[in-house]
Structure formats: structure tokens, C-alpha cells
Amino acid sequence: IPIKGWGKGAGVATDANNNVIYSAHYHGGYVVGKLTDEGKADPTFGNDGLVLDNFAEEGKSSGGSVTILPKTGRILLSGVHSGKNMMLTAFALFEPDGSYVSEFGENGKVIVPYPSELTSANPDANPTPAVGIGAQYTPVITIDGKILFVHHDTIFRLKADGSIDS
């Protein structure tokens, strides 16, 4: 199924009803779409089958992998957000209908800060990885609903609400 006009496709998954959930990049933002098992845009998802957005108002965002959370059917988009000379891993969490999960991060979105202890221990450290690092790796959802992922050279774990788990 071609994803025309949205730039580079990035991620794909299927939900419990065999619908296809996909992500792509577009003009400095991300697209999350839902197709029925017949390959048609699902009009009950987002705006006529699509959600087009950014992880933050300033900077550029890029969609990466999509993961369907097993217990809830929610959709986790991983990606990157660049701004202020840094490229950071970012996530958005959607209900199966494409609306944001408001209790996740800030209105359904999280940009994971690079740990200050890593940059302060090594002032020459470059927290800006190569383009696409972070978005290309699929996070692992733990049994207790936490999000485990790698960014650059660090393993992170987020709580189910999007906050960093220490």
C-alpha cells in the first residue's frame, strides 16, 4: 500500500483487529495513520485516518516505529525531535481512535531529555547522534507497562505515564 505524499515511511504494526498502523515523516513532522484490513483509511482514526503533528511547537519532528500496547491497544509512536542543536528521542501515545492519551507526558507527548549527568561528566560529549538514531529502534514494553529504549549510548526506561524511571 503506497504512502503517497508523506515522505519516507518509518514504522508499521497491526492491531488486534488486523488494521495496519503506520508512521511516516512529513515536512518536519510525523504522520500516524490507520488502514482497515481492506487497505482503506480508517475514518474513525484521527482526521479521516491520519494524525499529522509534531512532538513540540519549535523544532522538527520525525516519526519512527509504531508499537501496539498489548493490554490497551494504544499506539506508541517513537521518533526524534530536533531543536536547540540537539536531536532527542521522543514518543507520542495514542488511543486506538487516534486521540492522544492525555496522562502520558504532556498531552500525550514526551521528549526525553539527555541526562545532564552524562554531559556534565564529559563536557565534550555530543548528545546529538546521527540523524535517525533513536527513531529507528523499536522500544520494548515491559510486563508492567514501562518503556525501555536505547538513545545514543544510554538505556532509558520510562514509566507508563512517560516520566523517566530512575
Side-chain angles (χ1 to χ4, degrees), residues 9-26 29-37 42 44-47 49-84 86-119 127-129 132-166:
V12 65
T14 56
D15 66 12
N17 297 316
N18 210 29
N19 296 305
V20 175
I21 313 298
Y22 66 89
S23 64
H25 316 290
Y26 90 102
Y30 59 78
V31 175
V32 177
K34 186 175 188 180
L35 303 173
T36 66
D37 62 354
D42 182 345
T44 66
F45 182 84
N47 186 7
L50 296 172
V51 174
L52 290 78
D53 206 352
N54 294 310
F55 291 111
E57 288 184 27
E58 294 184 22
K60 293 185 177 186
S61 299
S62 180
S65 68
V66 286
T67 303
I68 309 300
L69 304 184
K71 292 181 183 178
T72 62
R74 289 175 166 171
I75 302 157
L76 179 68
L77 169 69
S78 68
V80 293
H81 184 76
S82 59
K84 298 182 183 177
M86 294 185 74
M87 184 177 290
L88 300 171
T89 300
F91 295 96
L93 187 62
F94 303 92
E95 294 290 356
D97 68 0
S99 61
Y100 286 99
V101 176
S102 60
E103 61 270 13
F104 181 78
E106 188 173 325
N107 299 315
K109 304 173 194 176
V110 171
I111 297 174
V112 182
Y114 200 78
S116 60
E117 64 271 12
L118 294 180
T119 54
T128 307
I133 298 294
Q136 66 188 19
Y137 300 109
T138 302
V140 172
I141 309 303
T142 63
I143 293 172
D144 57 356
K146 294 180 180 177
I147 302 165
L148 188 64
F149 66 98
V150 175
H151 176 74
H152 199 39
D153 57 359
T154 306
I155 298 173
F156 289 84
R157 186 173 58 203
L158 300 181
K159 297 178 186 176
D161 67 0
S163 62
I164 293 178
D165 191 9
S166 51

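- To the nearest 0.5 Å, atom CG of residue Leu148 and atom CG of residue Leu158 are 9.0 Å apart.
- Closest non-hydrogen pair, Val112 versus Leu88, comes out as O-CB, 3.5 Å.
- Closest heavy-atom contact between Val66 and Gly11: CG2-C, 3.8 Å.
- Side chains of Ile75 and Thr67 form no contact here, defined as non-hydrogen atoms less than 4.5 Å apart.
- Using a 30° and 60° split on the angle between ring planes, Phe45 and Phe94 fall in the tilted class, from 30° to 60°.
- Between Phe91 and Phe149, the ring-plane angle classifies as perpendicular under the 30° and 60° cut-offs.
- When all heavy atoms are compared, the tightest approach of Gly29 to Asn54 is CA-OD1, 2.8 Å.
- When side chains are defined from C-beta on, Tyr100 does not count as touching Asn107, because their heavy atoms never get closer than 4.5 Å.
- Within a 6.0 Å radius of CD in Glu103, other residues, nucleotides and ligands contribute more than 12 heavy atoms.
- The shortest side-chain heavy-atom distance between Leu93 and Leu69 falls under the 4.5 Å cut-off.
- Nearest heavy atoms, Pro113 versus Phe156: O-CE2, 3.9 Å.
- Across all their heavy atoms, Ile164 and Lys159 have their closest contact at O-CE, 4.1 Å.
- More than 12 heavy atoms of other residues, nucleotides or ligands lie within 6.0 Å of NZ in Lys146, so this atom counts as buried by the packing criterion.
- Within the model, atoms OH of Tyr26 and CG of Leu50 stand 10.0 Å from one another, a figure rounded to the nearest 0.5 Å.
- The side-chain heavy atoms of Pro96 and Asp15, taken from C-beta on, include no pair separated by under 4.5 Å.
- Under the 3.5 Å distance criterion, the side-chain polar atoms of His81 are left unmatched by any main-chain donor or acceptor of Met87.
- In this structure, Ser78 contributes its side chain and Gly64 its backbone to no donor-acceptor pair below 3.5 Å.
- Across all their heavy atoms, Tyr30 and Ala92 have their closest contact at OH-CB, 3.9 Å.
- When side chains are defined from C-beta on, Ile68 does not count as touching Thr14, because their heavy atoms never get closer than 4.5 Å.
- You'll find the side chain of Asn17 stays beyond 4.5 Å of the side chain of Asp37, heavy atoms only.
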